Protein chains: 2
Amino acid sequence: MADPQDRGARAPSAGGRRRDGATTAERILDAALASFAGRGYDGTSLDALAASLEIRKQTILYWFPSKEVLLEAVTDRSAAELSEALEAALLRAGTGWSRVEAVVRSVFRLAVRRPELLGLVREMGRLGPPAATRFIAAMDPLVARASTFLETEMDAGHMRRHEPRLLLLAIYSSVIGMLTEVEVLRAFGEEPTARSLVRRRAEILDLLRSALLTGEG
Amino acid sequence: MADPQDRGARAPSAGGRRRDGATTAERILDAALASFAGRGYDGTSLDALAASLEIRKQTILYWFPSKEVLLEAVTDRSAAELSEALEAALLRAGTGWSRVEAVVRSVFRLAVRRPELLGLVREMGRLGPPAATRFIAAMDPLVARASTFLETEMDAGHMRRHEPRLLLLAIYSSVIGMLTEVEVLRAFGEEPTARSLVRRRAEILDLLRSALLTGEG
DNA sequence: CGATCTGTCTACCATATGGTAAGTGAGCGA
DNA sequence: TCGCTCACTTACCATATGGTAGACAGATCG
């Protein structure tokens, strides 16, 4: 019954609110996202996940009848959140470079505020068709919108001509690159500061601006 | 005894050659690299690895006394191979943009010819200090050399001024981005062709050129 | 030939993992 | 108060996993 997408996960909104206002299912989703993004899907055990939440593994399996269903739920929610954030940035006023910059800034902001989302995106690469396809399909309308926008700007002569999807990829890669650098720094024992990240972002924006902008900016 | 780095792995050169000319240890390293890069460290079981080689798990543990030592061996060898390839590209004649382009091209070539190497680099991100630190340390001299080269070029006015390590990261991210796109395409069921990859590379080189080059080229 | 070494194997083992079965207790409508 | 559902628990289980111990075959060497 219900919709065919539903593989058995209960509605996360069900169940009473806890002291902190989050339902158990929501807390599980949050922790699972963080763990999948940080330690990977295979590196995450339901036992460890449950322990971090101070609940029993079977509570997780009560809300999400299998680990795979949990992954799907995490994926769907993350795709929705990403779409929402970027959609909002795209809708913001402005045209030409200022709009591109606004979107890129919002991507960076998201990467700093919710690095788990980007971490999950990276994890998607290894998780084959079942999860990744779903995720990509969920993001597709947004990608199409962004591509159209970039194309319009190029047609208007505000930007150097490039393949729009490649540009998106370049922006995405820049963010991933920044995240990578954060990890590299951590591996060397230096905790990256918010200041240094902001400086990085400025540099990357500068790089992108040089690459994209025509004289008419 | 031996050197303190040696955690017990036997010398991979030991043991008789097989029909195909590779020792057992080398075959294990090859398969482990592919699997670690493709399915991740946690997603790789010694049993599955052994099965893919048509040997028994205990043969793996004979050559590499633990999974972790195997990872270290894979990491070290990959770092060496990466270093070697990029060092060779750096040593190639030329200055200014043509030299940058030569290096970038060699990175792409490597990414296409041995995607496992780049996949392992990406995997390094999640694998904490033990493995990642080792890998980064092994790559560090090369990064320093490349940074120096870029700085020289900027001083000579051949290139727009940027933070050299950031530039390296941008180049690296472009390659990773290309790989990511390959996975995205696969997720959609389209096998990326060599032609499309070459076209991508050309676009990325163009992007980088726009971003980096000054009038003096 | 007999001893030893090398490379691989079979036989196990303890633990961890995803998952099932069967409760338990609080809250709630009749 | 009876019965039911909801949220979560304890008690298991089969399998997979990394790892140990030891046997065995073939090559090497005295």
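Atoms considered below: every heavy atom in the structure, side chains included; atoms not considered: hydrogens, waters and symmetry mates. Predicted model only: the values in this text are computed from it and were never measured.
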So, the side chain of [X] versus the backbone of [Y]: is there a donor-acceptor pair under 3.5 Å, distance only?
X         : Y         : value
Lys67(A)  : Ser45(A)  : no
Ser35(A)  : Ala32(A)  : no
Thr148(B) : Ala144(B) : yes
Thr75(B)  : Leu71(B)  : yes
Glu72(B)  : Ala131(B) : no

(message) Within the 4.0 Å heavy-atom criterion, would you say Ser45(A) contacts the bases, only the backbone, or no part of the nucleic acid?
(response) sugar-phosphate
Between [X] ([atom1]) and [N] ([atom2]), how many Å, whole number?
X        : N       : atom1 : atom2 : result
Ile28(B) : dG7(C)  : CD1   : C1'   : 11 Å
Leu53(B) : dT8(C)  : CG    : P     : 11 Å
Leu46(B) : dA14(C) : CG    : P     : 19 Å
Glu26(A) : dA7(D)  : CD    : C1'   : 15 Å
Ile55(B) : dT6(C)  : CD1   : C1'   : 15 Å
Phe64(A) : dA7(D)  : CZ    : C1'   : 14 Å
Asp47(A) : dT9(D)  : CG    : C1'   : 14 Å
Leu71(A) : dG18(C) : CG    : P     : 12 Å

(message) Can you tell me if Arg39(A) has over 12 outside heavy atoms packed within less than 6.0 Å of its CZ?
(response) no
(message) Around atom CD of Glu87(A), are there more than 12 heavy atoms from other residues, nucleotides or ligands closer than 6.0 Å?
(response) yes
Any [X] side-chain N or O less than 4.0 Å from OP1/OP2 of [N]:
X        : N       : value
Arg56(A) : dC8(D)  : no
Ser66(A) : dG18(C) : no
Tyr62(A) : dA7(D)  : yes
Thr24(B) : dT8(C)  : yes

(request) Any chance you could list the contact pattern along nucleotides 20-25 of chain D? Use B for base contacts, S for sugar-phosphate-only contacts and - for none, protein heavy atoms under 4.0 Å, 5' to 3'. (result) BB----
Every protein N/O lying under 3.5 Å from an N/O of nucleotides 24-26 of chain C:
none

(request) Quick one: pull up CG in Asp140(A) and OG in Ser147(A) and give me the separation to the nearest 0.5 Å. (result) 9.0 Å
(request) Salt-bridge test for Asp30(B) and Arg77(B): reply yes if a basic N is under 4.0 Å from a carboxylate O, no otherwise. (result) yes
(request) Assign each of Thr59(B) and Tyr41(A) to its nearest nucleotide of DNA chain C by heavy atoms, then name whichever residue's nucleotide is nearer the 5' end. (result) Thr59(B)
